[in-house]
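First the structure, in the form of structure tokens, and then the observations on it.
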2 protein chains.
Amino acid sequence: MRKVTIQDVAQYANVSRSTVSRVLNNNSSVDAELAARVMVAVRTLDYHPNRAARRLRKQTEDVVGLLISDIRNPFFGSVIRGIEDEAYKQHVNLVLCNTDEASSKIQNYLQVMQAERVSGLIVVPTHDDNHDILREVQADGIPIVLIDRSLTYESFDRVKVDNINGAFHAVNHLLEHKYRRIGIIYPEVETGYERLQGYQKALRSNGVEYDSSLVEVCGYTIDSSHEATKRLMAQESPPDALFTANNLLTLGAMRALRMSNIRIPQDIALIGFDDMPWATELYTPLTVVSQPTYELGKQAFVTLYQRIKNPKMAYQSIFLTTSLIIRESCGCLPS
Amino acid sequence: MRKVTIQDVAQYANVSRSTVSRVLNNNSSVDAELAARVMVAVRTLDYHPNRAARRLRKQTEDVVGLLISDIRNPFFGSVIRGIEDEAYKQHVNLVLCNTDEASSKIQNYLQVMQAERVSGLIVVPTHDDNHDILREVQADGIPIVLIDRSLTYESFDRVKVDNINGAFHAVNHLLEHKYRRIGIIYPEVETGYERLQGYQKALRSNGVEYDSSLVEVCGYTIDSSHEATKRLMAQESPPDALFTANNLLTLGAMRALRMSNIRIPQDIALIGFDDMPWATELYTPLTVVSQPTYELGKQAFVTLYQRIKNPKMAYQSIFLTTSLIIRESCGCLPS
DNA sequence: TTGAAAGCGCTAACAG
DNA sequence: CTGTTAGCGCTTTCAA
């Protein structure tokens, strides 16, 4: 079963290859009758243009690279779905790359994406040292939109969530309910820092002093948060409330608390970042800062697509807002 | 910043393009000194072969398509990670396609993947009517491995979990603990049918009669399981135990049960399919049939890669086993 | 409006 | 072992 090429279609329709190409890319005008003949040929022969050839010729086409840290984090599942639904509409494909927050993998994937001549990139940047590589790729003519985290740098399109405010409202809520020793567990990434800032801001605006013994930096895993929580609770005067900076860390904290028989919210209040389908079914239904994950992905793709179509467009920064969903873990609702 | 081509490298190294190509693909032997010169040129010029060109010429290369139903199901997150880790080792990229179990999307994506000349496909098939399309693509020379579900058809490589046994052991466990009216909620996909079979098998082997009023078919969502559970519990004589056929459905069931103040395991025992990180933190820690999700993905890629390298290899069917993890929801442990 | 011709960057046959 | 040559399938000038 030989592959059908544009040549076959041309022959069948009795036109030149260029004409076939023209009707398929409907840019320049083609005689209606010829066009019709071509379409018939395309259909009867079930012709699908070879994308590799097209890409080689056009130097780019219809593939977007996606660099995220780890697909197993359910946060990304939803984001990607938002991206994909939009991408599907425009017939663009997504190449998935897990970077594990590792510079070496990012670098490697970036090179590959460049070699692929992808038409754009959606990336969750990790460390500041990615900046230069990212700029290089961008300078090479590949549009990039930064998602979730955006570095401190300008001159990239960015779609992100207002982490500072999200964290601020969460911690403020705790403060309003008279919790005073509020612990925080956050990872060393930009979103983590921002959530810490929101935490600090809430403290300040309530006249509560910042106590570094309540602050725990941790990794990206449940286990690492489990350990951090244990450290926090083992102190002389442990926190009376806890704010965890993402869904995985929340799970780790709950595990640690459960194992130490510390009850939520009776012994400690808890608010987590990220809403998830299981948040309502946890042993204490979780109060959360909910992020518009799907929307995040959707906006990222829309922005990228705009830039692809119009490379000279001014850089955009889209901020999405979070919402505080109050359930039982923060202790202000009767359980 | 013009792109560096193989020609530039050739010039710089003072050899022909073919020689450069040869050292980069290290198939035929090249004089050591020339090879060294080429490598220097490659490095100093920071040359990366254009993958589109390479693919056009070789008619396939280093891209594998991934057709799954919905990335938001955390089951797939883990599977994909297993795939990706292996793929990364072989420098192959993954194109992600969400099909939503919709034939039209599957068909569409399959065509695109064909046009892309991907070197292989890993697909979670949905309905039997996919079979012919899949065969066509395969006949076209694109290796396919079927994952999670495998249709009843032969002549595909398949990697799947032993659903029948997994379900059997779960339901058997319930039966051993004297539950007699065991409900089941499952979706209309192959894995669902198989889990139903395991359920039936356990019933038979314990001499318990099959009661269709305890059997609920549902969709793929939490909500749909929520409804199914309500129907089940609204009956004259509701089940005293429940088996839910995947992680999303389990969540839906727990939600329905909680809202009706039906306690787990006091009023009803529950075992779900799929272990998840949050299973331990649910309001009743969940007894589950745990699937080797990461391994599933890993084996899928390994098998696909073998077939790509050796198209004439006999078709493989790899079965992975599940394990029953007993926690509190099935009621046999003191809580 | 259409066709002929050139060439995107690469690899593989074929000579040498 | 190496270079020359000929395309892979497509789009895009350039003429007609």
Side-chain angles (χ1 to χ4, degrees), chain A residues 1-39 41-42 45-63 111-112 114-119 140-141, chain B residues 1-39 41-42 45-63 111-112 114-119 140-141:
Chain A
M1 179 185 170
R2 233 191 83 269
K3 252 316 181 192
V4 181
T5 72
I6 197 170
Q7 171 67 354
D8 302 322
V9 177
Q11 233 157 51
Y12 190 100
N14 219 318
V15 297
S16 74
R17 290 175 303 170
S18 352
T19 303
V20 176
S21 172
R22 283 185 194 108
V23 334
L24 259 33
N25 296 280
N26 58 348
N27 24 17
S28 82
S29 54
V30 178
D31 182 88
E33 203 221 325
L34 286 200
R37 249 157 58 201
V38 168
M39 289 317 291
V42 165
L45 298 178
D46 191 32
Y47 167 67
H48 299 283
N50 180 319
R51 292 188 144 220
R54 186 177 267 187
R55 192 169 309 138
L56 175 58
R57 183 61 235 241
K58 308 225 287 199
Q59 293 295 20
T60 179
E61 191 224 32
D62 288 1
V63 174
Q111 276 176 359
V112 173
Q114 239 176 322
E116 278 283 2
R117 306 297 191 268
V118 292
S119 35
D140 220 62
Chain B
M1 181 185 171
R2 234 191 81 270
K3 252 313 176 194
V4 182
T5 73
I6 197 171
Q7 171 67 354
D8 302 322
V9 177
Q11 233 157 50
Y12 189 100
N14 219 319
V15 295
S16 74
R17 289 174 305 169
S18 356
T19 302
V20 175
S21 172
R22 283 188 193 105
V23 334
L24 258 33
N25 297 280
N26 58 348
N27 26 16
S28 79
S29 53
V30 179
D31 182 87
E33 203 220 327
L34 287 199
R37 251 159 52 204
V38 167
M39 290 316 291
V42 164
L45 299 178
D46 192 32
Y47 167 68
H48 299 283
N50 180 319
R51 293 186 142 221
R54 187 178 268 185
R55 190 168 313 138
L56 175 58
R57 184 59 235 239
K58 308 225 289 201
Q59 293 297 21
T60 179
E61 191 225 33
D62 288 0
V63 174
Q111 276 176 0
V112 173
Q114 239 176 321
E116 277 284 1
R117 307 297 191 268
V118 294
S119 35
D140 220 62

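Numbers restart at 1 for each chain; the letters A, B, ... are given by sequence-line order, proteins then strands.
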Check your understanding: Of all heavy-atom pairs between B:S119 and B:D62, which one has the smallest distance, and what is that distance?
Key -> OG-N, 3.3 Å
Check your understanding: Phosphate oxygens OP1/OP2 of D:dC8: is one of them under 4.0 Å from a side-chain N or O of A:N50?
Key -> no
Point to revise | Contact summary for A:T5 and A:Y47, nearest pair of heavy atoms | key: C-CE1, 3.5 Å
Exercise for review: Check for a donor-acceptor pair, side chain of A:R37 on one end and backbone N or O of A:A13 on the other, with a separation under 3.5 Å.
Suggested key: yes
**Study point:** Euclidean distance, atom CZ of residue B:R54 to atom P of C:dT11 [Å, nearest integer]
**Key:** 5 Å
Practice item. Please report, rounded to the nearest Å, how far the P atom of C:dG9 is from the CZ atom of A:R57. Key: 10 Å
Practice item. Could you please spell out the steps behind the side chain to side chain contact (heavy atoms under 4.5 Å, CB included) verdict for A:V20 and A:V15? Key: CA-CA 7 Å; A:V20 176; A:V15 297; 3.8 Å; yes
Practice item. With axes from five pairs an end, tell me the bend angle of the helix from C:dT1-D:dA16 to C:dG16-D:dC1, nearest 10°. Key: 40°
Point to revise | Rounded interatomic separation in angstrom, taking CD from A:E33 and C1' from C:dT2 | key: 14 Å
Review point. Could you give the CZ-to-C1' distance, from B:R17 to C:dG7, as a whole number of Å?
Key: 11 Å
Practice item. Search all heavy atoms of B:V23 against all heavy atoms of B:A35 and return the closest pair with its distance. Key: CG1-CA, 4.1 Å
Exercise for review: Let me see the working for B:L24 and B:M39 under side chain to side chain contact (heavy atoms under 4.5 Å, CB included), right down to the final yes or no.
Suggested key: CA-CA 8 Å; B:L24 258 33; B:M39 290 316 291; 4.3 Å; yes
Point to revise | Euclidean distance, atom CG of residue B:N25 to atom C1' of C:dC10 [Å, nearest integer] | key: 9 Å
**Study point:** N or O in side chain of B:Q59 less than 4.0 angstrom from C:dT11 OP1/OP2
**Key:** no
Study note, to complete from the structure: Atom CG of A:L45 and atom P of D:dG9 are separated, to the nearest Å, by 15 Å
Check your understanding: Between the side-chain atoms of A:R22 and the base atoms of C:dG3, is any donor-acceptor pair under 3.5 Å?
Key -> yes
Check your understanding: Between C:dA13 atom P and B:K58 atom NZ, what is the distance in whole Å?
Key -> 12 Å
Review point. Considering only heavy atoms from C-beta outward, does the side chain of A:R55 approach that of B:E116 to under 4.5 Å?
Key: yes
Check your understanding: Is there a donor on the side chain of A:S18 or the base of C:dA4 sitting less than 3.5 Å from an acceptor on the other?
Key -> yes
Exercise for review: May I ask you to verify whether the side chain of B:R55 and the base of C:dG9 hold a donor-acceptor pair under 3.5 Å?
Suggested key: no
Exercise for review: Would you please confirm or rule out a distance under 4.0 Å between OP1 or OP2 of D:dC10 and any side-chain N or O of A:S21?
Suggested key: no
Check your understanding: Rounded to the nearest Å, what distance is computed from the CD atom of residue B:Q114 to the P atom of nucleotide D:dG9?
Key -> 14 Å
